Structures are given as C-alpha cells and as structure tokens.
Amino acid sequence: MSDFVRICSQGELPAAGTVREVTVAGRALCVANVDGKISVLDGTCPHEGGPLGEGSIEGGKVVCPWHAYAFDVHTGANDEDPDVNAVVIEATVEDGELRGKL
Ligand code: FES
C-alpha cells in the first residue's frame, strides 16, 4: 500500500452527513462521510469545476454547491448527466489516518 498517501488524520474527518475539502499536494479532494462511512472524491466537480468539498450530503450522495448535481460516492455517477462523473479515489482509514490512492 505504499502508493496510498496521507490525506488527513482520523480526527480531521468530517462528521457524519457532511463533507470537507482537503488539499493534498495541490489537489483539492472532497472527503465525504455518509452514515459514518468515509469516501473520497476529487474535489473539483466534473460539471463546471465547483468545489465538491464545500458541498453537502443528501440522500447518501455528495451534492455540488454550484448546480446541485448529486454524485454517488462509490461510482461518481449523477442523475443529471450520465456523461459527467466525479472521480472516486480509493481510500482507507487505518492507523489513525485517511489515506488515498491519488
Ligand atoms: S459545477 Fe458542480 S454541479 Fe455544476
């Protein structure tokens, strides 16, 4: 797992039902907590570049603050446009840290 890099500490994870933006190596990431389960998406919305990490969680999906596209945290898909998918980043929480395969 050497290609997984540290995103943040476990104590910095967003509370259940919220998202948080974390920047790693200059790349904005959206860390989402859906019912206690952490997921990571690229923080730049694939629609028009909105900040997904400043969005919200609704119906188990990350909602972009700009035009309210709702992205599945597992597939990156949304219901508005099948050609616009968020980038889902493989991530794990272990040893007190969130790590992702960036
Ligand atoms: S920029 Fe995110 S929905 Fe438009």
Side-chain angles (χ1 to χ4, degrees):
M1 300 239 307
S2 60
D3 48 357
F4 279 72
V5 301
R6 181 185 189 279
I7 295 174
C8 66
S9 71
Q10 196 159 9
E12 296 171 314
L13 293 173
T18 66
V19 298
R20 177 167 184 201
E21 184 172 84
V22 178
T23 301
V24 177
R27 181 180 182 183
L29 304 174
C30 170
V31 180
N33 185 334
V34 177
D35 297 330
K37 185 164 182 349
I38 299 297
S39 299
V40 180
L41 304 175
D42 188 285
T44 301
C45 180
H47 178 227
E48 290 184 2
L52 289 183
E54 296 176 15
S56 58
I57 302 284
E58 289 178 28
K61 298 180 178 182
V62 171
V63 179
C64 179
W66 282 11
H67 311 105
Y69 279 30
F71 297 95
D72 186 293
V73 295
H74 304 294
T75 66
N78 74 86
D79 294 334
E80 306 294 331
D81 185 340
D83 293 329
V84 173
N85 294 299
V87 175
V88 178
I89 294 168
E90 186 178 350
T92 182
V93 178
E94 59 184 44
D95 299 331
E97 290 188 333
L98 173 65
R99 297 178 188 148
K101 201 169 184 179
L102 303 184

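Read the numbers this way: they start at 1 and go in the same order the structure lists the ligands and their atoms. Treat the numbers as computed from the prediction; the structure is a model and nothing was measured. In this chain, numbering begins with 1 at the start of the sequence shown.
- With waters neither drawn nor counted, the protein N/O/S atoms under 2.8 Å from atom 4 (Fe) of ligand 1 amount to 2.
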Check against side chain to side chain contact (heavy atoms under 4.5 Å, CB included), K101 and F4: CA-CA 4 Å; K101 201 169 184 179; F4 279 72; 3.9 Å; yes
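- Taking 4.5 Å as the limit, every side-chain heavy atom of H74 sits out of range of all side-chain heavy atoms of V88.
- H47 and Y69 have parallel rings, their planes meeting at less than 30° on a 0 to 90° scale where 60° marks the start of perpendicular.
- No donor-acceptor distance shorter than 3.5 angstrom exists from the side chain of N33 to the backbone of L13, with no hydrogens or angles considered.
- Atom OG1 of residue T44 and atom CG of residue L29 lie 9.0 Å apart, to the nearest 0.5 angstrom.
- For the side chain to side chain contact (heavy atoms under 4.5 Å, CB included) with V31, the lone residue among V22, I89, V19 that qualifies is V22.
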